[in-house]
*Asks:* 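Take this structure first; my questions come after.
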Amino acid sequence: MQAPQLISKRLLLRAIQPDDNKAILAYRSDAETNQYQGWIPKTLSDVDAFIEKIPTVFNQADTWFQLVIVEKDSQQLIGDMGIHFIDEDQVELGCTLIKTVHNKGYASEAMREVINHMFSQLNKHRIIASIDPANTASIKLVERLGFRKEAHFVESICSNGQWVDDVVYAVLKREWK
Ligand SMILES: CC(C)(COP(=O)(O)OP(=O)(O)OC[C@H]1O[C@@H](n2cnc3c(N)ncnc32)[C@H](O)[C@@H]1OP(=O)(O)O)[C@@H](O)C(=O)NCCC(=O)NCCS
């Protein structure tokens, strides 16, 4: 299956491409904004290697796919959405935006669009997010979307050499509005 092109009011989401590398490096290398992320690239080759590993097929169990988020008005690449197809029925999402567009509702809009697609087009059963509890913007994002908190694991992930907690949020297809 090919990755869909998703269009919302202000955004367009499409499959990542090799020549997105510079735009991705520009915001993903911002170590402060991305302090809760496991992957912080330092060079263009880091991003190229990341893009190369992404499968060509969308919706394949046990893979991570990456969509990029484009602002329709400016045509600027402003972020990305990681989609972890855990198995046939369950998906994990992670959203990253360039700092200059935070607090405009773009992450909520992009997540909503992807979740709608996952439930209505791909008939997924459950969507989760795995978040460092210190990442308050991400916690607010999933709570705003109606995810339920399901678990708080203590020092369960070693991220950049440090053991950190992990909270898991989820929403089921029958709960999604
Ligand atoms: C996680 C992340 C994407 C969230 O971004 P965000 O800007 O906080 O979330 P949104 O884009 O949905 O914006 C929501 C805010 O915009 C405000 N807003 C302003 N205009 C708005 C509009 N037109 N529509 C909706 N909301 C709007 C909302 O009120 C909300 O602010 P509040 O939280 O003070 O109520 C961002 O913090 C990020 O990229 N972090 C770094 C990467 C990261 O850690 N990702 C998580 C991986 S698990």
Side-chain angles (χ1 to χ4, degrees), residues 6-14 16 20-42 46-47 50-51 53-54 63-74 76-86 90-118 124 126-171 176-177:
L6 303 175
I7 298 170
S8 64
K9 195 167 160 236
R10 299 174 292 176
L11 307 171
L12 182 150
L13 290 93
R14 59 156 173 83
I16 197 168
D20 293 327
N21 56 359
K22 287 197 186 72
I24 290 168
L25 179 66
Y27 65 87
R28 277 284 193 156
S29 61
D30 174 351
E32 198 191 328
T33 306
N34 295 305
Q35 61 184 298
Y36 304 114
Q37 305 267 60
W39 182 66
I40 300 178
K42 290 191 173 63
D46 292 342
V47 182
F50 173 81
I51 297 174
K53 279 197 211 125
I54 292 161
T63 64
W64 274 95
F65 199 89
Q66 208 76 19
L67 296 176
V68 292
I69 305 169
V70 176
E71 186 179 40
K72 281 190 338 197
D73 274 358
S74 65
Q76 192 198 348
L77 194 163
I78 57 161
D80 57 78
M81 180 78 67
I83 307 176
H84 179 197
F85 293 101
I86 300 169
Q90 303 187 83
V91 166
E92 174 184 355
L93 297 179
C95 181
T96 304
L97 293 180
I98 187 169
K99 196 177 172 182
T100 51
V101 304
H102 287 187
N103 294 310
K104 290 179 174 214
Y106 280 173
S108 308
E109 187 173 322
M111 289 277 286
R112 190 164 280 285
E113 197 60 35
V114 171
I115 296 167
N116 281 340
H117 184 81
M118 291 297 144
K124 298 298 178 190
R126 178 172 173 264
I127 297 178
I128 70 159
S130 155
I131 305 170
D132 184 322
N135 190 349
T136 47
S138 272
I139 302 275
K140 273 175 93 171
L141 170 65
V142 293
E143 288 186 344
R144 189 182 302 122
L145 289 163
F147 282 57
R148 277 174 294 100
K149 185 174 173 180
E150 291 194 334
H152 184 142
F153 298 101
V154 179
E155 293 188 19
S156 60
I157 295 179
C158 191
S159 177
N160 308 314
Q162 269 211 315
W163 284 101
V164 295
D165 289 9
D166 178 38
V167 286
V168 174
Y169 278 81
V171 64
W176 179 244
K177 298 180 196 102

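Only this structure's heavy atoms are used, side chains among them; waters, hydrogens and symmetry mates stay out. Just so you know, ligand 1 is whichever comes first in the structure, and atom 1 is the first atom listed for that ligand.
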*Asks:* Is there a side-chain contact (heavy atoms from CB on, under 4.5 Å) between H102 and T33 once you walk through the steps?
*Replies:* CA-CA 10 Å; H102 287 187; T33 306; 3.6 Å; yes

*Asks:* By number and element, which atoms of ligand 1 are closer than 4.0 Å to a non-hydrogen atom of T33?
*Replies:*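 It comes down to these atoms of ligand 1: 41 (C).
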
*Asks:* Would you say K42 has more than 12 foreign heavy atoms packed within less than 6.0 Å of its NZ?
*Replies:*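 Counting other residues, nucleotides and ligands, NZ of K42 stays at 12 neighbours or fewer.
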
*Asks:* So if I count the atoms of ligand 1 from 1 in the order they appear, which ones are less than 4.0 Å from some heavy atom of R10?
*Replies:*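 So the atoms of ligand 1 that pass are 23 (N), 24 (N).
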
*Asks:* Suppose we measure from atom 12 (O) of ligand 1 to each protein heavy atom; which comes out shortest, and what is that distance?
*Replies:*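 Closest protein heavy atom to atom 12 (O) of ligand 1: S108 OG, 2.5 Å.
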
*Asks:* What is the nearest protein non-hydrogen atom to atom 1 (C) of ligand 1, stated with its residue, atom name and distance?
*Replies:*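 Looking only at protein heavy atoms, the one closest to atom 1 (C) of ligand 1 is S138 OG, 3.3 Å.
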
*Asks:* Look at atom 28 (C) of ligand 1 and say whether a protein heavy atom is found at less than 4.0 angstrom from it.
*Replies:*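 Under 4.0 Å from atom 28 (C) of ligand 1, zero protein heavy atoms found.
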
*Asks:* State whether the shortest distance between N or O atoms of A107 and N or O atoms of ligand 1 falls below 3.5 angstrom.
*Replies:*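 Among all N and O atoms of A107, at least one is under 3.5 Å from an N or O of ligand 1.
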
*Asks:* Between K9 and ligand 1, which part of the residue brings a heavy atom under 4.0 Å of the ligand: side chain, backbone, both or neither?
*Replies:* neither

*Asks:* Quick one: does K72's side chain have a donor or acceptor within less than 3.5 Å of a partner on S8's backbone?
*Replies:* yes

*Asks:* Give the contacting part of K99 toward ligand 1: side chain, backbone, both or neither, where contact means a heavy-atom distance below 4.0 Å.
*Replies:* neither

*Asks:* For atom 45 (N) of ligand 1, what is the closest protein heavy atom, and at what distance to 0.1 Å?
*Replies:*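 Residue, atom and distance for the closest contact: C95 O, 2.8 Å.
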
*Asks:* Checking side-chain contact (heavy atoms from CB on, under 4.5 Å) for the pair Y27/D80: CA distance, chi angles, key distance, verdict?
*Replies:* CA-CA 10 Å; Y27 65 87; D80 57 78; 2.6 Å; yes

*Asks:* Test your reading of the structure: does Y36 have an N or O sitting under 3.5 Å from an N or O of ligand 1?
*Replies:*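 Min N/O separation from ligand 1 is not below 3.5 Å for Y36.
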
*Asks:* Got the closest protein heavy atom to atom 26 (N) of ligand 1, with its distance?
*Replies:* G105 CA, 3.3 Å

*Asks:* Tell me if a side-chain donor or acceptor on D166 pairs with a main-chain N or O of I131 at a distance below 3.5 Å.
*Replies:*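 Pair found, side chain donor or acceptor close to backbone of I131.
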
*Asks:* Is there side-chain contact between Y169 and I139, with heavy atoms separated by less than 4.5 Å?
*Replies:*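 Yes, side chains in contact.
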
*Asks:* Can you confirm, on distance only, whether ligand 1 has an N/O atom lying under 3.5 Å from any N/O atom belonging to L97?
*Replies:* yes

*Asks:* With atoms numbered from 1 as shown, which atoms in ligand 1 lie under 4.0 angstrom from a non-hydrogen atom of N135?
*Replies:*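 Ligand 1 atoms under the 4.0 Å threshold to N135: 43 (C), 44 (O), 46 (C).
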
*Asks:* Considering both backbone and side-chain atoms of K140, is one of its nitrogen or oxygen atoms within less than 3.5 Å of a nitrogen or oxygen in ligand 1?
*Replies:*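 Yes.
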
*Asks:* Looking only at protein heavy atoms, identify the closest one to atom 16 (O) of ligand 1 and say how far it is in Å.
*Replies:*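 Nearest neighbour among protein heavy atoms for atom 16 (O) of ligand 1, to 0.1 Å: N103 C, 3.1 Å.
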
*Asks:* Considering only heavy atoms of T96, which atoms of ligand 1 have at least one such atom less than 4.0 Å away?
*Replies:* 39 (O), 42 (C)

*Asks:* Which of the numbered atoms in ligand 1 are under 4.0 angstrom from any heavy atom belonging to N34?
*Replies:* 41 (C), 42 (C)

*Asks:* When you compare the side chain of I83 with that of Q66, does any pair of heavy atoms fall below 4.5 Å?
*Replies:*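 No; the side chains remain at least 4.5 Å from each other.
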
*Asks:* Got a sec, which residues hit side chain to side chain donor-acceptor pair (under 3.5 Å) with Q35, two or more places apart in sequence or on another chain?
*Replies:*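 Partners of Q35 by the side chain to side chain donor-acceptor pair (under 3.5 Å) criterion come out as none, since no residue qualifies.
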
*Asks:* Any non-hydrogen side-chain atom of L11 less than 4.5 Å from a side-chain atom of E113?
*Replies:* no

*Asks:* Looking only at distances, can you tell me whether any N or O atom of L141, backbone or side chain, sits closer than 3.5 Å to an N or O atom of ligand 1?
*Replies:* no

*Asks:* Please step through side-chain contact (heavy atoms from CB on, under 4.5 Å) for the pair L93 and M111, ending with a clear verdict.
*Replies:* CA-CA 8 Å; L93 297 179; M111 289 277 286; 4.2 Å; yes

*Asks:* Could you tell me if the side chain of Y106 sits less than 4.5 Å from the side chain of I78, heavy atoms only?
*Replies:*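 Sidechains of Y106 and I78: in contact.
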
*Asks:* Using a 4.0 Å heavy-atom threshold (strictly under), name the region of V101 that reaches ligand 1: side chain, backbone, both or neither.
*Replies:*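 The answer is neither.
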
*Asks:* So is I131 polar-close to ligand 1, meaning N/O to N/O under 3.5 Å?
*Replies:* no

*Asks:* Hey, is the main chain of R10 close enough, under 3.5 Å, to the side chain of E109 for a donor-acceptor pair?
*Replies:* yes

*Asks:* Starting from atom 40 (N) of ligand 1, locate the nearest protein heavy atom and write down its residue, its atom name and how far away it is, to 0.1 Å.
*Replies:* H102 CE1, 3.9 Å

*Asks:* Does the residue E109 have a heavy-atom contact with ligand 1, meaning some pair of atoms that are separated by less than 4.0 Å?
*Replies:* no

*Asks:* Verify whether one side chain among W176 and N116 offers a donor that lies under 3.5 Å from an acceptor in the other.
*Replies:*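 Yes, N116 and W176 have a side-chain donor paired with an acceptor closer than 3.5 Å.
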
*Asks:* How far is atom 47 (C) of ligand 1 from its nearest protein heavy atom, and which residue and atom is that?
*Replies:*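 The closest one turns out to be Q37 OE1, 3.3 Å.
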
*Asks:* Could you tell me the separation between the CD1 atom of I69 and the CG atom of L6, rounded to the nearest 0.5 Å?
*Replies:*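 With rounding to 0.5 Å, CD1 (I69) is 10.5 Å from CG (L6).
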
*Asks:* Is there a nitrogen or oxygen of R144 sitting under 3.5 Å from a nitrogen or oxygen of ligand 1?
*Replies:* yes

*Asks:* Who's closest to atom 48 (S) of ligand 1 heavy-atom-wise, of S130, G82, A129, A137?
*Replies:*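 Minimum heavy-atom distance to atom 48 (S) of ligand 1 goes to S130.
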
*Asks:* Y36 side chain to A134 main-chain N or O, any donor-acceptor pair under 3.5 Å?
*Replies:* yes

*Asks:* What is the closest protein heavy atom to atom 24 (N) of ligand 1, and at what distance does it sit?
*Replies:* K104 O, 3.7 Å

*Asks:* Apply the test side-chain contact (heavy atoms from CB on, under 4.5 Å) to residues L13 and H117: give CA-CA distance (whole Å), side-chain angles for both, the deciding distance (0.1 Å), then the verdict.
*Replies:* CA-CA 11 Å; L13 290 93; H117 184 81; over 6 Å; no

*Asks:* Mark whether atom 7 (O) of ligand 1 lies under 4.0 angstrom from at least one protein heavy atom.
*Replies:* yes

*Asks:* Could you tell me which atoms of ligand 1, counted from 1 in the order shown, lie closer than 4.0 angstrom to a heavy atom of Y106?
*Replies:* 10 (P), 11 (O)

